[in-house]
Amino acid sequence: TSSRRAHTSRPACVTMAAPGTAVTSQEEFQALVHRLDVLQQNYNEALDTMWMLLSTALVFMMHSGFSLLEAGSVRSKNTQNILGKNVLVVTVGFISWYVIGYGFAFGHVGGGSKFIGSTGFFMYGFNEDRSKFRKWLFQGTFCATGGTIVSGAMAERTKLKGFTIFTVLMTTLIYPCVVFWVWSHHGFLRYPNGAGIEVSIFGPAFMDFAGSACVHLCGGIAAFVGALIVGPRSGRFKGNEDQFDGHSVPFCVLGTFILFFGWYGFNPGSTMFMHDITAANKAAIVAVNTTLSPCISGMLVFFLRARVFQPKRLDVGAFCNGILAGLVSVTASCHAIQAWEAMLIGFFAAFVYQGASMLLPRFHIDDVVDAFAVHGANGLWGVLAAGLFGDPAEGLGGNGLFFGGDQFRVQLIGALIILGWSGGLSLLIFLPLRLIGFLRLSDEFQKKGADAMEHSPGKAYNTSGEDAFSQEVSTQSGIP
(Lines give C-alpha, C1' and ligand atoms only; values in the text may rest on other atoms or scores of the structure.)
Protein backbone atom coordinates (compact mmCIF):
# COMPACT_ATOMS: atom_id res chain seq x y z
CA THR A 1 0.00 0.00 0.00
CA SER A 2 2.74 2.41 0.92
CA SER A 3 4.59 1.69 -2.31
CA ARG A 4 1.40 2.23 -4.29
CA ARG A 5 0.86 5.49 -2.43
CA ALA A 6 4.41 6.62 -3.15
CA HIS A 7 3.97 5.81 -6.84
CA THR A 8 0.73 7.78 -7.17
CA SER A 9 2.14 10.77 -5.34
CA ARG A 10 4.93 11.42 -7.89
CA PRO A 11 2.84 13.25 -10.50
CA ALA A 12 1.58 15.56 -7.76
CA CYS A 13 5.15 16.41 -6.85
CA VAL A 14 5.91 17.36 -10.43
CA THR A 15 2.73 19.40 -10.67
CA MET A 16 3.46 21.28 -7.45
CA ALA A 17 7.08 22.00 -8.38
CA ALA A 18 8.31 25.51 -8.95
CA PRO A 19 7.54 26.92 -12.39
CA GLY A 20 11.17 26.77 -13.56
CA THR A 21 11.63 23.08 -12.63
CA ALA A 22 9.51 21.63 -15.46
CA VAL A 23 11.27 23.80 -18.03
CA THR A 24 14.66 22.69 -16.77
CA SER A 25 13.61 19.03 -16.94
CA GLN A 26 12.44 19.50 -20.53
CA GLU A 27 15.76 21.08 -21.46
CA GLU A 28 17.65 18.26 -19.82
CA PHE A 29 15.53 15.72 -21.69
CA GLN A 30 16.23 17.41 -25.03
CA ALA A 31 19.93 17.57 -24.22
CA LEU A 32 19.88 13.86 -23.41
CA VAL A 33 18.13 13.08 -26.69
CA HIS A 34 20.71 15.14 -28.54
CA ARG A 35 23.57 13.31 -26.81
CA LEU A 36 21.99 9.97 -27.70
CA ASP A 37 21.62 11.06 -31.33
CA VAL A 38 25.26 12.08 -31.46
CA LEU A 39 26.28 8.82 -29.80
CA GLN A 40 24.22 6.85 -32.34
CA GLN A 41 25.78 8.76 -35.25
CA ASN A 42 29.28 8.16 -33.90
CA TYR A 43 28.48 4.50 -33.34
CA ASN A 44 27.15 4.12 -36.89
CA GLU A 45 30.14 5.90 -38.35
CA ALA A 46 32.54 3.70 -36.39
CA LEU A 47 30.77 0.51 -37.49
CA ASP A 48 30.71 1.60 -41.14
CA THR A 49 34.38 2.56 -41.07
CA MET A 50 35.44 -0.72 -39.47
CA TRP A 51 33.37 -2.65 -42.02
CA MET A 52 34.87 -0.74 -44.92
CA LEU A 53 38.45 -1.08 -43.66
CA LEU A 54 37.97 -4.82 -43.19
CA SER A 55 36.50 -5.14 -46.68
CA THR A 56 39.31 -3.03 -48.10
CA ALA A 57 41.88 -5.33 -46.52
CA LEU A 58 40.19 -8.36 -48.08
CA VAL A 59 40.06 -6.75 -51.52
CA PHE A 60 43.68 -5.65 -51.21
CA MET A 61 44.61 -9.24 -50.40
CA MET A 62 43.24 -10.17 -53.82
CA HIS A 63 46.34 -8.63 -55.37
CA SER A 64 48.31 -11.40 -53.66
CA GLY A 65 45.96 -13.86 -55.33
CA PHE A 66 46.40 -12.25 -58.74
CA SER A 67 50.17 -12.27 -58.28
CA LEU A 68 50.31 -15.96 -57.42
CA LEU A 69 47.86 -16.94 -60.15
CA GLU A 70 49.72 -15.01 -62.84
CA ALA A 71 53.14 -16.15 -61.63
CA GLY A 72 52.01 -19.76 -61.77
CA SER A 73 50.58 -19.30 -65.25
CA VAL A 74 53.82 -18.07 -66.86
CA ARG A 75 57.06 -19.93 -67.46
CA SER A 76 59.58 -19.67 -64.66
CA LYS A 77 61.89 -17.47 -66.75
CA ASN A 78 59.30 -14.66 -66.61
CA THR A 79 58.20 -14.96 -62.97
CA GLN A 80 59.82 -11.78 -61.66
CA ASN A 81 58.63 -9.81 -64.64
CA ILE A 82 54.95 -10.58 -64.10
CA LEU A 83 55.25 -10.10 -60.34
CA GLY A 84 56.88 -6.73 -60.94
CA LYS A 85 53.95 -5.69 -63.09
CA ASN A 86 51.50 -6.72 -60.37
CA VAL A 87 53.31 -4.59 -57.82
CA LEU A 88 53.52 -1.76 -60.34
CA VAL A 89 49.76 -1.82 -60.97
CA VAL A 90 49.00 -1.39 -57.27
CA THR A 91 51.47 1.43 -56.65
CA VAL A 92 50.87 3.33 -59.87
CA GLY A 93 47.14 2.68 -59.59
CA PHE A 94 46.79 4.21 -56.13
CA ILE A 95 48.84 7.30 -57.04
CA SER A 96 46.76 7.77 -60.19
CA TRP A 97 43.58 7.31 -58.13
CA TYR A 98 44.78 9.98 -55.69
CA VAL A 99 45.75 12.53 -58.32
CA ILE A 100 42.97 12.19 -60.90
CA GLY A 101 41.06 8.91 -60.82
CA TYR A 102 38.85 9.47 -57.78
CA GLY A 103 37.84 12.94 -58.95
CA PHE A 104 36.72 11.62 -62.33
CA ALA A 105 34.93 8.67 -60.69
CA PHE A 106 33.10 10.34 -57.78
CA GLY A 107 33.71 14.08 -58.03
CA HIS A 108 30.17 15.21 -58.72
CA VAL A 109 29.09 18.83 -58.31
CA GLY A 110 25.48 19.99 -58.38
CA GLY A 111 24.20 20.39 -61.92
CA GLY A 112 27.41 18.87 -63.26
CA SER A 113 28.05 16.43 -66.08
CA LYS A 114 26.55 12.94 -66.16
CA PHE A 115 29.63 11.71 -68.01
CA ILE A 116 32.60 12.46 -65.75
CA GLY A 117 33.38 13.88 -62.32
CA SER A 118 35.06 17.24 -61.84
CA THR A 119 36.12 17.63 -58.21
CA GLY A 120 37.93 15.73 -55.45
CA PHE A 121 41.33 15.60 -57.16
CA PHE A 122 44.22 15.20 -54.69
CA MET A 123 41.53 14.50 -52.04
CA TYR A 124 40.39 18.11 -52.17
CA GLY A 125 37.51 18.71 -49.76
CA PHE A 126 37.91 15.45 -47.87
CA ASN A 127 38.36 17.20 -44.53
CA GLU A 128 34.84 18.60 -44.84
CA ASP A 129 33.47 15.04 -45.06
CA ARG A 130 35.98 12.60 -43.64
CA SER A 131 33.87 9.57 -44.49
CA LYS A 132 35.27 10.04 -48.00
CA PHE A 133 38.63 8.69 -46.84
CA ARG A 134 37.26 5.17 -46.35
CA LYS A 135 35.40 5.36 -49.65
CA TRP A 136 38.56 6.51 -51.44
CA LEU A 137 40.56 3.60 -50.05
CA PHE A 138 37.96 0.93 -50.75
CA GLN A 139 37.31 2.11 -54.29
CA GLY A 140 41.03 2.50 -54.93
CA THR A 141 41.59 -1.22 -54.43
CA PHE A 142 38.96 -1.86 -57.09
CA CYS A 143 40.65 0.56 -59.48
CA ALA A 144 43.99 -1.25 -59.34
CA THR A 145 42.27 -4.55 -60.14
CA GLY A 146 41.41 -3.37 -63.66
CA GLY A 147 45.08 -3.03 -64.57
CA THR A 148 45.96 -6.35 -62.97
CA ILE A 149 43.47 -8.16 -65.22
CA VAL A 150 45.27 -6.76 -68.26
CA SER A 151 48.76 -7.69 -67.08
CA GLY A 152 47.99 -11.41 -67.02
CA ALA A 153 46.57 -11.51 -70.53
CA MET A 154 49.67 -9.82 -71.99
CA ALA A 155 52.26 -11.66 -69.91
CA GLU A 156 55.67 -12.84 -71.16
CA ARG A 157 56.00 -10.50 -74.16
CA THR A 158 55.04 -6.99 -73.01
CA LYS A 159 57.49 -4.19 -72.29
CA LEU A 160 57.27 -2.61 -68.88
CA LYS A 161 57.21 0.99 -70.16
CA GLY A 162 54.30 0.36 -72.50
CA PHE A 163 52.34 -1.45 -69.83
CA THR A 164 53.01 1.36 -67.35
CA ILE A 165 51.66 3.97 -69.75
CA PHE A 166 48.51 1.94 -70.22
CA THR A 167 48.11 1.41 -66.46
CA VAL A 168 48.23 5.15 -65.83
CA LEU A 169 45.55 5.81 -68.44
CA MET A 170 43.44 2.88 -67.26
CA THR A 171 43.39 4.12 -63.67
CA THR A 172 42.97 7.82 -64.46
CA LEU A 173 40.50 7.79 -67.33
CA ILE A 174 39.08 4.50 -68.64
CA TYR A 175 38.00 2.92 -65.35
CA PRO A 176 37.03 6.13 -63.47
CA CYS A 177 34.59 7.22 -66.17
CA VAL A 178 32.80 3.88 -66.08
CA VAL A 179 32.59 4.12 -62.29
CA PHE A 180 31.09 7.62 -62.53
CA TRP A 181 28.39 6.39 -64.90
CA VAL A 182 27.34 3.58 -62.53
CA TRP A 183 28.51 4.07 -58.95
CA SER A 184 28.64 7.81 -58.38
CA HIS A 185 24.80 7.93 -58.50
CA HIS A 186 25.14 10.95 -60.79
CA GLY A 187 26.15 9.31 -64.07
CA PHE A 188 23.87 8.70 -67.02
CA LEU A 189 23.49 5.00 -66.16
CA ARG A 190 22.37 5.64 -62.57
CA TYR A 191 21.07 8.91 -61.13
CA PRO A 192 18.05 10.09 -59.08
CA ASN A 193 15.11 11.59 -60.96
CA GLY A 194 12.93 14.40 -59.66
CA ALA A 195 11.09 12.00 -57.35
CA GLY A 196 14.33 10.69 -55.88
CA ILE A 197 14.07 7.34 -57.68
CA GLU A 198 17.26 6.10 -59.31
CA VAL A 199 16.96 5.74 -63.08
CA SER A 200 19.12 5.86 -66.19
CA ILE A 201 18.65 7.71 -69.44
CA PHE A 202 17.48 4.38 -70.88
CA GLY A 203 14.87 3.58 -68.23
CA PRO A 204 15.57 1.73 -64.95
CA ALA A 205 18.91 2.34 -63.23
CA PHE A 206 21.77 0.17 -64.47
CA MET A 207 22.51 -2.66 -62.02
CA ASP A 208 26.08 -3.55 -61.10
CA PHE A 209 26.31 -4.13 -57.38
CA ALA A 210 30.02 -4.91 -57.05
CA GLY A 211 31.70 -4.72 -60.44
CA SER A 212 30.83 -7.28 -63.11
CA ALA A 213 30.68 -4.30 -65.48
CA CYS A 214 32.80 -1.59 -63.86
CA VAL A 215 35.75 -3.81 -62.97
CA HIS A 216 35.59 -7.10 -64.85
CA LEU A 217 33.98 -6.22 -68.18
CA CYS A 218 36.00 -3.02 -68.36
CA GLY A 219 39.28 -4.77 -67.49
CA GLY A 220 38.51 -7.93 -69.46
CA ILE A 221 37.83 -6.10 -72.72
CA ALA A 222 41.01 -4.07 -72.24
CA ALA A 223 42.87 -7.36 -71.71
CA PHE A 224 41.44 -8.76 -74.94
CA VAL A 225 42.52 -5.69 -76.92
CA GLY A 226 45.96 -5.74 -75.31
CA ALA A 227 46.51 -9.42 -76.11
CA LEU A 228 45.33 -8.82 -79.67
CA ILE A 229 47.57 -5.82 -80.34
CA VAL A 230 50.73 -7.10 -78.64
CA GLY A 231 50.43 -10.39 -80.53
CA PRO A 232 51.05 -13.95 -79.32
CA ARG A 233 54.21 -15.06 -77.60
CA SER A 234 56.98 -16.02 -79.98
CA GLY A 235 56.29 -19.55 -81.27
CA ARG A 236 53.00 -19.86 -79.37
CA PHE A 237 50.90 -21.29 -82.19
CA LYS A 238 53.47 -23.46 -83.97
CA GLY A 239 52.46 -26.87 -82.66
CA ASN A 240 54.51 -26.82 -79.47
CA GLU A 241 51.76 -25.94 -77.01
CA ASP A 242 53.30 -27.81 -74.06
CA GLN A 243 56.30 -25.49 -74.05
CA PHE A 244 54.04 -22.61 -72.95
CA ASP A 245 52.42 -24.27 -69.95
CA GLY A 246 52.60 -22.35 -66.69
CA HIS A 247 55.32 -23.50 -64.34
CA SER A 248 53.38 -23.81 -61.05
CA VAL A 249 49.90 -25.26 -60.63
CA PRO A 250 50.24 -24.90 -56.81
CA PHE A 251 50.65 -21.14 -57.26
CA CYS A 252 47.50 -21.06 -59.41
CA VAL A 253 45.46 -22.96 -56.84
CA LEU A 254 46.69 -20.90 -53.90
CA GLY A 255 46.10 -17.69 -55.86
CA THR A 256 42.56 -18.79 -56.66
CA PHE A 257 41.75 -19.47 -53.02
CA ILE A 258 43.13 -16.07 -52.02
CA LEU A 259 40.99 -14.42 -54.69
CA PHE A 260 37.94 -16.38 -53.54
CA PHE A 261 38.63 -15.26 -49.97
CA GLY A 262 39.10 -11.64 -51.06
CA TRP A 263 35.80 -11.69 -52.92
CA TYR A 264 34.06 -11.65 -49.53
CA GLY A 265 35.35 -8.09 -49.24
CA PHE A 266 34.70 -7.32 -52.89
CA ASN A 267 31.00 -8.24 -52.89
CA PRO A 268 29.65 -8.02 -49.30
CA GLY A 269 31.82 -4.94 -48.74
CA SER A 270 29.96 -3.19 -51.55
CA THR A 271 27.02 -2.69 -49.18
CA MET A 272 29.25 0.24 -48.04
CA PHE A 273 27.49 0.24 -44.63
CA MET A 274 27.10 -2.08 -41.65
CA HIS A 275 25.23 -0.18 -38.95
CA ASP A 276 21.73 -1.62 -39.28
CA ILE A 277 19.97 -4.92 -39.81
CA THR A 278 19.14 -4.13 -43.45
CA ALA A 279 22.80 -3.77 -44.41
CA ALA A 280 23.76 -6.81 -42.33
CA ASN A 281 21.17 -9.03 -43.97
CA LYS A 282 22.10 -7.79 -47.42
CA ALA A 283 25.78 -8.56 -46.79
CA ALA A 284 24.85 -12.08 -45.69
CA ILE A 285 22.74 -12.69 -48.80
CA VAL A 286 25.56 -11.36 -50.98
CA ALA A 287 28.10 -13.63 -49.27
CA VAL A 288 25.93 -16.73 -49.76
CA ASN A 289 25.42 -16.03 -53.45
CA THR A 290 29.12 -15.24 -53.82
CA THR A 291 29.86 -18.72 -52.46
CA LEU A 292 27.43 -20.81 -54.47
CA SER A 293 27.93 -19.50 -57.99
CA PRO A 294 31.68 -20.25 -58.24
CA CYS A 295 31.23 -23.70 -56.73
CA ILE A 296 28.85 -24.70 -59.52
CA SER A 297 30.89 -23.02 -62.24
CA GLY A 298 34.21 -24.47 -61.14
CA MET A 299 32.95 -28.03 -60.86
CA LEU A 300 31.22 -27.86 -64.24
CA VAL A 301 34.34 -26.57 -66.02
CA PHE A 302 36.37 -29.31 -64.34
CA PHE A 303 33.87 -31.89 -65.64
CA LEU A 304 33.80 -30.43 -69.15
CA ARG A 305 37.58 -30.52 -69.43
CA ALA A 306 37.71 -34.09 -68.10
CA ARG A 307 34.85 -35.67 -70.06
CA VAL A 308 33.79 -33.50 -72.98
CA PHE A 309 36.64 -31.45 -74.43
CA GLN A 310 40.08 -32.66 -75.49
CA PRO A 311 42.40 -33.86 -74.16
CA LYS A 312 39.76 -35.09 -71.66
CA ARG A 313 42.08 -34.92 -68.67
CA LEU A 314 41.63 -33.47 -65.20
CA ASP A 315 42.60 -29.80 -65.56
CA VAL A 316 43.14 -28.13 -62.19
CA GLY A 317 44.03 -24.80 -63.77
CA ALA A 318 40.73 -24.75 -65.64
CA PHE A 319 38.94 -25.68 -62.38
CA CYS A 320 40.46 -22.55 -60.84
CA ASN A 321 39.41 -20.34 -63.75
CA GLY A 322 35.92 -21.82 -63.62
CA ILE A 323 35.67 -20.75 -59.99
CA LEU A 324 36.76 -17.23 -60.91
CA ALA A 325 34.27 -17.15 -63.77
CA GLY A 326 31.46 -17.95 -61.34
CA LEU A 327 32.62 -15.20 -58.99
CA VAL A 328 32.77 -12.63 -61.77
CA SER A 329 29.36 -13.52 -63.18
CA VAL A 330 27.44 -13.25 -59.91
CA THR A 331 29.06 -9.97 -58.83
CA ALA A 332 26.56 -7.66 -60.58
CA SER A 333 23.40 -9.19 -59.12
CA CYS A 334 24.51 -10.93 -55.93
CA HIS A 335 22.40 -8.61 -53.77
CA ALA A 336 19.16 -9.05 -55.72
CA ILE A 337 18.85 -12.78 -56.39
CA GLN A 338 18.07 -15.96 -54.50
CA ALA A 339 20.52 -18.78 -53.93
CA TRP A 340 19.17 -20.99 -56.71
CA GLU A 341 19.51 -18.11 -59.16
CA ALA A 342 23.14 -17.63 -58.16
CA MET A 343 23.77 -21.29 -58.86
CA LEU A 344 22.07 -21.02 -62.23
CA ILE A 345 24.19 -17.98 -63.13
CA GLY A 346 27.28 -19.98 -62.16
CA PHE A 347 26.09 -22.91 -64.27
CA PHE A 348 25.94 -20.81 -67.44
CA ALA A 349 29.17 -19.03 -66.49
CA ALA A 350 31.01 -22.33 -66.93
CA PHE A 351 29.88 -22.58 -70.56
CA VAL A 352 30.65 -18.92 -71.21
CA TYR A 353 34.15 -19.41 -69.85
CA GLN A 354 34.75 -22.65 -71.74
CA GLY A 355 33.51 -21.20 -75.02
CA ALA A 356 35.60 -18.04 -74.77
CA SER A 357 38.67 -20.00 -73.65
CA MET A 358 38.44 -22.23 -76.72
CA LEU A 359 37.56 -19.44 -79.15
CA LEU A 360 40.52 -17.10 -78.69
CA PRO A 361 43.28 -19.58 -79.65
CA ARG A 362 41.42 -20.33 -82.89
CA PHE A 363 42.16 -16.72 -83.90
CA HIS A 364 45.72 -16.91 -82.52
CA ILE A 365 44.93 -14.53 -79.67
CA ASP A 366 47.27 -15.46 -76.83
CA ASP A 367 45.64 -14.77 -73.45
CA VAL A 368 48.06 -16.30 -70.94
CA VAL A 369 45.70 -16.45 -67.95
CA ASP A 370 42.36 -16.58 -69.81
CA ALA A 371 41.65 -13.07 -68.56
CA PHE A 372 39.10 -12.37 -71.27
CA ALA A 373 37.27 -15.67 -70.76
CA VAL A 374 37.11 -15.14 -66.98
CA HIS A 375 36.63 -11.38 -66.69
CA GLY A 376 35.53 -10.05 -70.07
CA ALA A 377 33.11 -12.75 -71.27
CA ASN A 378 31.75 -13.51 -67.80
CA GLY A 379 31.66 -9.84 -66.87
CA LEU A 380 29.34 -9.42 -69.84
CA TRP A 381 27.30 -12.48 -68.83
CA GLY A 382 27.06 -11.20 -65.27
CA VAL A 383 25.73 -7.83 -66.44
CA LEU A 384 23.13 -9.47 -68.66
CA ALA A 385 22.20 -11.98 -65.95
CA ALA A 386 21.32 -9.06 -63.68
CA GLY A 387 18.68 -8.14 -66.24
CA LEU A 388 17.30 -11.67 -66.44
CA PHE A 389 17.21 -12.84 -62.82
CA GLY A 390 15.86 -11.25 -59.65
CA ASP A 391 12.19 -11.44 -58.70
CA PRO A 392 10.77 -8.02 -57.69
CA ALA A 393 8.30 -9.81 -55.41
CA GLU A 394 11.15 -11.01 -53.19
CA GLY A 395 11.95 -7.43 -52.17
CA LEU A 396 15.68 -7.76 -52.81
CA GLY A 397 15.85 -5.15 -55.56
CA GLY A 398 15.64 -7.52 -58.51
CA ASN A 399 13.89 -6.53 -61.72
CA GLY A 400 14.60 -9.51 -63.96
CA LEU A 401 13.05 -10.17 -67.34
CA PHE A 402 12.18 -13.73 -66.30
CA PHE A 403 9.91 -12.27 -63.61
CA GLY A 404 8.23 -9.60 -65.71
CA GLY A 405 10.80 -6.87 -65.02
CA ASP A 406 12.22 -4.37 -67.51
CA GLN A 407 15.86 -4.41 -66.42
CA PHE A 408 17.39 -6.33 -69.32
CA ARG A 409 17.28 -3.52 -71.88
CA VAL A 410 19.35 -1.10 -69.82
CA GLN A 411 21.78 -3.88 -68.88
CA LEU A 412 22.38 -4.68 -72.54
CA ILE A 413 22.78 -1.06 -73.60
CA GLY A 414 25.04 -0.27 -70.64
CA ALA A 415 27.22 -3.30 -71.32
CA LEU A 416 27.65 -2.31 -74.97
CA ILE A 417 28.61 1.25 -73.98
CA ILE A 418 31.19 0.04 -71.45
CA LEU A 419 32.53 -2.51 -73.93
CA GLY A 420 32.92 0.17 -76.60
CA TRP A 421 34.47 2.68 -74.21
CA SER A 422 37.03 0.35 -72.67
CA GLY A 423 37.81 -1.50 -75.89
CA GLY A 424 37.98 1.62 -78.02
CA LEU A 425 40.25 3.59 -75.70
CA SER A 426 42.46 0.56 -75.08
CA LEU A 427 42.90 0.23 -78.84
CA LEU A 428 43.80 3.91 -79.11
CA ILE A 429 46.46 3.40 -76.43
CA PHE A 430 47.92 0.00 -77.32
CA LEU A 431 48.13 0.43 -81.09
CA PRO A 432 50.38 3.54 -81.04
CA LEU A 433 52.51 1.93 -78.33
CA ARG A 434 53.00 -1.12 -80.56
CA LEU A 435 53.82 1.03 -83.60
CA ILE A 436 56.51 3.06 -81.82
CA GLY A 437 58.11 -0.03 -80.28
CA PHE A 438 57.01 0.55 -76.68
CA LEU A 439 54.88 -2.57 -76.29
CA ARG A 440 56.29 -5.87 -77.56
CA LEU A 441 59.49 -7.57 -76.44
CA SER A 442 61.73 -8.96 -79.18
CA ASP A 443 61.77 -12.68 -80.00
CA GLU A 444 65.30 -12.98 -78.61
CA PHE A 445 64.19 -11.29 -75.41
CA GLN A 446 61.28 -13.69 -75.08
CA LYS A 447 63.48 -16.71 -75.77
CA LYS A 448 65.91 -15.90 -72.95
CA GLY A 449 63.20 -14.69 -70.60
CA ALA A 450 62.52 -11.26 -69.17
CA ASP A 451 63.96 -12.22 -65.78
CA ALA A 452 67.41 -12.93 -67.21
CA MET A 453 67.35 -9.99 -69.60
CA GLU A 454 66.29 -7.12 -67.37
CA HIS A 455 65.87 -8.20 -63.74
CA SER A 456 68.26 -8.56 -60.85
CA PRO A 457 68.77 -11.27 -59.79
CA GLY A 458 68.39 -12.92 -63.17
CA LYS A 459 66.05 -15.66 -62.00
CA ALA A 460 63.18 -15.88 -59.56
CA TYR A 461 64.25 -19.17 -57.95
CA ASN A 462 67.79 -19.48 -56.65
CA THR A 463 68.32 -23.24 -56.41
CA SER A 464 72.12 -23.19 -56.47
CA GLY A 465 72.37 -23.73 -52.71
CA GLU A 466 70.00 -26.70 -52.85
CA ASP A 467 71.90 -28.19 -55.78
CA ALA A 468 75.22 -27.86 -53.93
CA PHE A 469 73.73 -29.48 -50.82
CA SER A 470 72.28 -32.35 -52.86
CA GLN A 471 75.63 -32.90 -54.58
CA GLU A 472 77.45 -32.97 -51.23
CA VAL A 473 75.01 -35.50 -49.77
CA SER A 474 75.34 -37.67 -52.87
CA THR A 475 79.15 -37.58 -52.68
CA GLN A 476 79.22 -38.51 -48.98
CA SER A 477 76.82 -41.39 -49.50
CA GLY A 478 78.72 -42.70 -52.49
CA ILE A 479 75.87 -42.03 -54.90
CA PRO A 480 77.16 -40.82 -58.28
Side-chain angles (χ1 to χ4, degrees), residues 93 97 101-102 104-106 108 113-117 139 142-150 153 166-167 169-191 198-228 266-267 270 325 327-334 336 345 349 352 356 371-388 399 407-430:
W97 188 243
Y102 181 88
F104 281 166
F106 293 102
H108 172 75
S113 168
K114 284 185 170 58
F115 182 80
I116 191 170
Q139 295 292 348
F142 277 58
C143 178
T145 302
T148 304
I149 293 169
V150 179
F166 173 79
T167 299
L169 292 171
M170 180 70 172
T171 54
T172 57
L173 179 63
I174 299 175
Y175 173 81
C177 282
V178 176
V179 168
F180 185 81
W181 303 341
V182 181
W183 286 343
S184 72
H185 300 282
H186 299 287
F188 67 88
L189 288 178
R190 194 175 191 94
Y191 64 91
E198 290 200 321
V199 296
S200 72
I201 63 173
F202 306 108
F206 184 81
M207 184 184 295
D208 184 21
F209 183 72
S212 288
C214 293
V215 179
H216 300 287
L217 178 59
C218 183
I221 294 301
F224 171 83
V225 173
L228 177 66
F266 206 90
N267 285 5
S270 292
L327 288 164
V328 169
S329 63
V330 80
T331 292
S333 59
C334 53
I345 289 172
V352 172
F372 171 74
V374 170
H375 301 279
N378 270 290
L380 177 60
W381 162 235
V383 173
L384 298 180
L388 297 173
N399 186 29
Q407 187 69 38
F408 185 77
R409 178 186 61 197
V410 69
Q411 296 299 115
L412 177 60
I413 295 172
L416 292 175
I417 291 172
I418 293 169
L419 190 154
W421 170 260
S422 180
L425 286 186
S426 296
L427 181 63
L428 291 175
I429 297 168
F430 281 128

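We number each residue from 1, following the sequence as shown. What you see below is based on every heavy atom in this structure, not just the backbone, and it leaves out hydrogens, waters and symmetry mates.
- Nearest approach of Ala377 to Ala373, heavy atoms of both residues: CB-O, 3.7 Å.
- At least one donor-acceptor pair under 3.5 Å links the side chain of Gln407 to the backbone N or O of Ala205.
- Side-chain contact between Phe430 and Val150: present, with at least one pair of heavy atoms (C-beta onward) separated by less than 4.5 Å.
- Counting heavy atoms from C-beta outward, Val178 and Ser422 have side chains that stay 4.5 Å or more apart.
- For the pair Phe266 and Val215, the minimum side-chain heavy-atom distance is below 4.5 Å.
- To the nearest 0.5 Å, the span separating CD1 on Ile418 from CG on Leu217 amounts to 6.0 Å.
- A donor-acceptor pair under 3.5 Å is absent between the side-chain atoms of Trp421 and the main chain of Cys218, judged by distance alone.
- Taking every heavy atom of both residues into account, Ala349 and Ala325 meet most closely at CB-O, 4.0 Å.
- Two residues are said to be in side-chain contact when any heavy atoms from C-beta on lie closer than 4.5 Å; Phe166 and Val225 fail this criterion.
- Separation of atoms OG (Ser329) and CG (Leu384) is listed at 11.5 Å; rounding is to 0.5 Å.
- Every residue meeting the side-chain contact (heavy atoms from CB on, under 4.5 Å) condition with Ala332, not counting sequence neighbours, appears here in chain and number order: Asp208, Ser212, Ala386.
- The structure places CG of Leu428 at 10.5 Å from CG of Leu169, a figure rounded to the nearest 0.5 Å.
- Taking the six-membered ring where the residue is Trp, Phe115 and Trp181 present tilted rings, their angle falling between 30° and 60°.
- The shortest non-hydrogen separation linking Val383 to Phe206 is CG1-CZ, 3.6 Å.
- Residues Leu388 and Trp381 are in side-chain contact: their nearest non-hydrogen atoms beyond the backbone lie under 4.5 Å apart.
- In this structure, Phe180 CZ and His186 NE2 are separated by 7.0 Å, a value rounded to the nearest 0.5 Å.
- Atom CZ of residue Phe224 and atom CG of residue Leu427 lie 10.5 Å apart, to the nearest 0.5 angstrom.
- Nearest heavy-atom pair across Ser184 and Ala105 is CB-O, 3.5 Å.
- Between Val410 and Ser200 the shortest heavy-atom distance is CG2-OG, 3.2 Å.
- In this structure, Trp97 and Tyr102 have perpendicular ring planes: the angle between them is above 60°, well past the 30° mark.
- Formation of a donor-acceptor pair under 3.5 Å by the Gln411 side chain with backbone atoms of Met207 is found in this model.
- In this structure, Cys214 SG and Phe209 CZ are separated by 12.5 Å, a value rounded to the nearest 0.5 Å.
- Across every non-hydrogen atom of Phe104 and Thr172, the tightest pair is CD1-O, 3.0 Å.
- Tested against His216 for a side chain to side chain contact (heavy atoms under 4.5 Å, CB included), the candidates Ile149, Leu380, Ile221, Val374 yield a single pass: Ile149.
- Listed by chain and number, the residues in a ring-ring contact (aromatic ring centres under 6.0 Å, His included) with Phe408 amount to none (sequence neighbours excluded).
- Side-chain contact between Ile201 and Tyr191 is present, with heavy atoms from C-beta onward closer than 4.5 Å.
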